[in-house]
Trainee: 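Input: one structure, supplied below.
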Amino acid sequence: MQSGNTKFVWELLNTVPDPEIPVISVVELGVIREVKFENNSYTISITPTYSGCPAVKTFMDDIKSCLLENSIDNFELKIVYAPAWTTKWMTDETKEKLRKYGIAPPSNIVICPQCNSKNTTLISEFGATACKSLFKCIDCLEPFEFFKCI
Amino acid sequence: MMSSLFTYTLRIADSSLILGQRMSEWCSKGPTLEEDIAMSNISLDMFGQANGFYQYAAQLDGLKSADELAFRRNEREFFNHQLVEQENGNFGNTIVRNFLHDTFNFLFYTQLANSKDETLSALAHKSLKEVKYHLRHSSNWLVRLGDGTKESNAKTQVALNELWMYTDEIFEMDTLDTELFNKGIAVDNSALKSDWDAMINNTLAKAKLIRPEDEYMATGGKKGLHTEYLGFILSEMQYLQRAYPNAKW
């Protein structure tokens, strides 16, 4: 039984990667909304990125495993819908990690993550995951993924 | 006795689930790889939205789980709009059907986001973000097909003429809707019609398509009355849970 060290739980959660974009954690993704300790138990509130995102189930399992490995078994994962997830919660640091990974971060101007050109064009609004769309750079001609603003 | 709120929530979930199932039928059959991915993505969004509403309905009902609601009910117990169960047909049929429904969904969720019911409001806010993408997708394609070649225009116009009869019941209000609307929970669907008309007319004009006249207009989805297609959708979708109840993997 752990005492109510929510800061430690936040630190642990920050080690759980997004299953699709492993360079950022679920905390950086912004899906962990709250960690509460009440009546000897943690309640972790999680909001889905997109309603049908299959990664949600995966990272919930990953969170469970991570906490159990660290001898925390007194917790409950709760899905919350309000406020709806938004890419505005992403910090500049997280956006930079996405860019280095080859994904153009959410922004009003879509910048090529390869050559930094602003001369880019949409190929398809829907990409390999619900959160991304497909773009192409007119200058370096490389296709790339853009993390949609929602 | 089912509560009004339970039934209201179920109706929303059913339309999302059935349209999601229809869109999933396109997986691996899309006209291009990008479109295949787009339609599978939209399908996932619809399933996710349906799941949110089913979870809430299950919580209100306390008798059946979300999965049981999706996989253990028959046609007459489904309350989706007849529009969403219509066949995928050619790509134009799918685009027209989705465009008509996405436009409604956009207006509907915009209003439902103001519901006094906190869960419905939260689910509506969430769904609305996704529906905006869906509407942009179907509207853009409608213009491309309508204002495309002679053949694509003709096929899209036929699809529009055939599907038009299913566009009336989406604005219907029955006593249950009115009861919940008076409590500030439900949306007044009939009040969405003028905005829907304006949006539809605007895009149809860009697409060089002619708005059909209202002739015979179908109704019945809210009462569990459906076209012949729903049974086929359910028999495929529910097969596993019917053949192997409670199967898990």
Side-chain angles (χ1 to χ4, degrees), chain A residues 19-21 29-31 33-34 45-61 76-90 103 106 108 110 120-136 142-150, chain B residues 12-13 16-17 19-21 23-24 26-27 30-56 59 66 105 109 112-113 115 117-141:
Chain A
E20 292 286 349
I21 312 164
L29 185 65
V31 295
R33 300 315 305 152
E34 192 181 44
S45 299
I46 298 171
T47 196
T49 48
Y50 283 74
S51 317
C53 181
V56 175
K57 169 83 173 67
T58 309
F59 68 62
M60 285 183 73
D61 289 344
E76 187 201 350
L77 303 183
K78 194 173 104 186
I79 290 278
V80 293
Y81 286 100
W85 179 78
T86 167
T87 40
K88 285 180 192 145
W89 294 337
M90 238 179 235
I103 299 170
N108 292 332
V110 181
T120 60
T121 185
L122 177 75
I123 297 175
S124 173
E125 287 217 46
F126 296 86
T129 66
C131 55
K132 288 174 287 183
S133 49
L134 288 175
F135 272 76
K136 188 175 83 177
E142 285 289 326
F144 63 91
E145 291 184 305
F146 167 64
F147 207 107
K148 296 192 269 206
C149 300
I150 73 162
Chain B
I12 303 169
S16 302
L17 178 70
L19 191 56
Q21 181 67 17
M23 293 309 279
S24 77
W26 273 108
C27 188
T32 64
L33 183 60
E34 285 79 10
E35 265 322 291
D36 205 298
I37 292 168
M39 290 193 279
S40 301
N41 261 300
I42 293 170
S43 173
L44 268 180
D45 285 345
M46 303 306 289
F47 286 147
Q49 291 168 16
N51 185 46
F53 287 99
Y54 282 132
Q55 295 285 355
Y56 185 44
Q59 188 191 318
N105 259 355
Y109 284 129
L112 191 65
S115 173
D117 184 285
E118 278 180 19
T119 308
L120 288 183
S121 160
L123 290 170
H125 270 291
K126 182 89 201 152
S127 303
L128 184 59
K129 288 193 176 201
E130 296 160 3
V131 166
K132 283 180 187 169
Y133 269 93
H134 304 166
L135 178 60
R136 203 151 66 220
H137 175 259
S138 55
S139 304
N140 286 344
W141 267 114

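The chains referred to below are lettered A, B, ... by the order of the sequence lines, with proteins before strands, and numbering in each begins at 1. If you're wondering where the values come from, they're calculated on a predicted model, not measured in any experiment. Side chains are part of it too, since the values below use all heavy atoms of this structure and drop only hydrogens, waters and symmetry mates.
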Trainee: With sequence neighbours left out, which residue pairs that include part of residues 38-55 of chain B fulfil the salt bridge (charged side-chain N to carboxylate O under 4.0 Å, His left out) condition?
Mentor: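 Not a single pair qualifies under salt bridge (charged side-chain N to carboxylate O under 4.0 Å, His left out).
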
Trainee: Within this structure, what is the OG1-CD1 distance for the pair B/Thr32 and A/Ile123, rounded to the nearest 0.5 Å?
Mentor: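 Spacing of OG1 (B/Thr32) from CD1 (A/Ile123) equals 11.5 Å.
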
Trainee: In terms of heavy-atom pairs under 4.5 Å, which option from B/Gly52, B/Ala50, B/Ser127, B/Gly48 contacts chain A the most?
Mentor: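 The candidate making the most pairs under 4.5 Å is B/Gly48.
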
Trainee: Does any heavy atom of chain B fall under 4.5 Å from the side chain of A/Pro83, the backbone, both, or neither of them?
Mentor: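 Neither part; nothing is under 4.5 Å.
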
Trainee: Could you measure the distance from the NZ atom of B/Lys126 to the OG1 atom of A/Thr47? Nearest 0.5 Å is fine.
Mentor: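 Nearest 0.5 Å value for the NZ-OG1 distance: 5.0 Å.
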
Trainee: Select, from B/Ser121, B/Ala122, B/Ser40, the one with the greatest count of heavy-atom pairs under 4.5 Å involving chain A.
Mentor: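 Looking at each option in turn, the highest pair count goes to B/Ala122.
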
Trainee: Drop me the distance from A/Phe126's CZ to B/His134's NE2, to the nearest 0.5 angstrom.
Mentor: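 If I round to the nearest 0.5 Å, the distance is 5.5 Å.
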
Trainee: Identify which part of B/Tyr133 has an atom lying under 4.5 Å from any heavy atom of chain A, answering side chain, backbone, both or neither.
Mentor: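 Both backbone and side chain of B/Tyr133 come within 4.5 Å of chain A.
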
Trainee: Would you mind listing every salt bridge (charged side-chain N to carboxylate O under 4.0 Å, His left out) that reaches into residues 122-134 of chain A, with sequence neighbours excluded?
Mentor: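 Sorted result for residues 122-134 of chain A: A/Glu125-B/Arg136, A/Lys132-A/Glu145.
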
Trainee: Take a 6.0 Å sphere around CD of A/Glu76 and say whether it holds more than 12 heavy atoms from other residues, nucleotides or ligands.
Mentor: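 Yes - once you tally the heavy atoms of other residues, nucleotides and ligands closer than 6.0 Å, there are more than 12.
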
Trainee: Please report the interatomic distance OH(A/Tyr81) to CD(B/Gln55), rounded to the nearest 0.5 Å.
Mentor: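 Between A/Tyr81 OH and B/Gln55 CD, I get 6.5 Å after rounding to 0.5 Å.
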
Trainee: If you compare all heavy atoms of A/Thr129 against all heavy atoms of B/Asn41, which two are closest, and at what distance to 0.1 Å?
Mentor: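 Here A/Thr129 and B/Asn41 meet closest at C-OD1, 3.8 Å.
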
Trainee: Can you tell which part of B/Glu34 gets under 4.5 Å to a heavy atom of chain A, answering side chain, backbone, both or neither?
Mentor: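 Both the backbone and the side chain of B/Glu34 come within 4.5 Å of chain A.
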
Trainee: As an exercise, state the distance from NZ of B/Lys129 to SG of A/Cys149, rounded to the nearest 0.5 Å.
Mentor: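 The distance works out to 10.5 Å.
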
Trainee: Please round to the nearest 0.5 Å and tell me the distance separating atom SG of A/Cys53 and atom CG of B/Leu44.
Mentor: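 Going from SG on A/Cys53 over to CG on B/Leu44, the span is 8.0 Å.
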
Trainee: Let me know if A/Ser51 has heavy atoms under 4.5 Å from chain B in its side chain, its backbone, both or neither.
Mentor: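 Looking at A/Ser51, backbone and side chain both touch chain B.
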
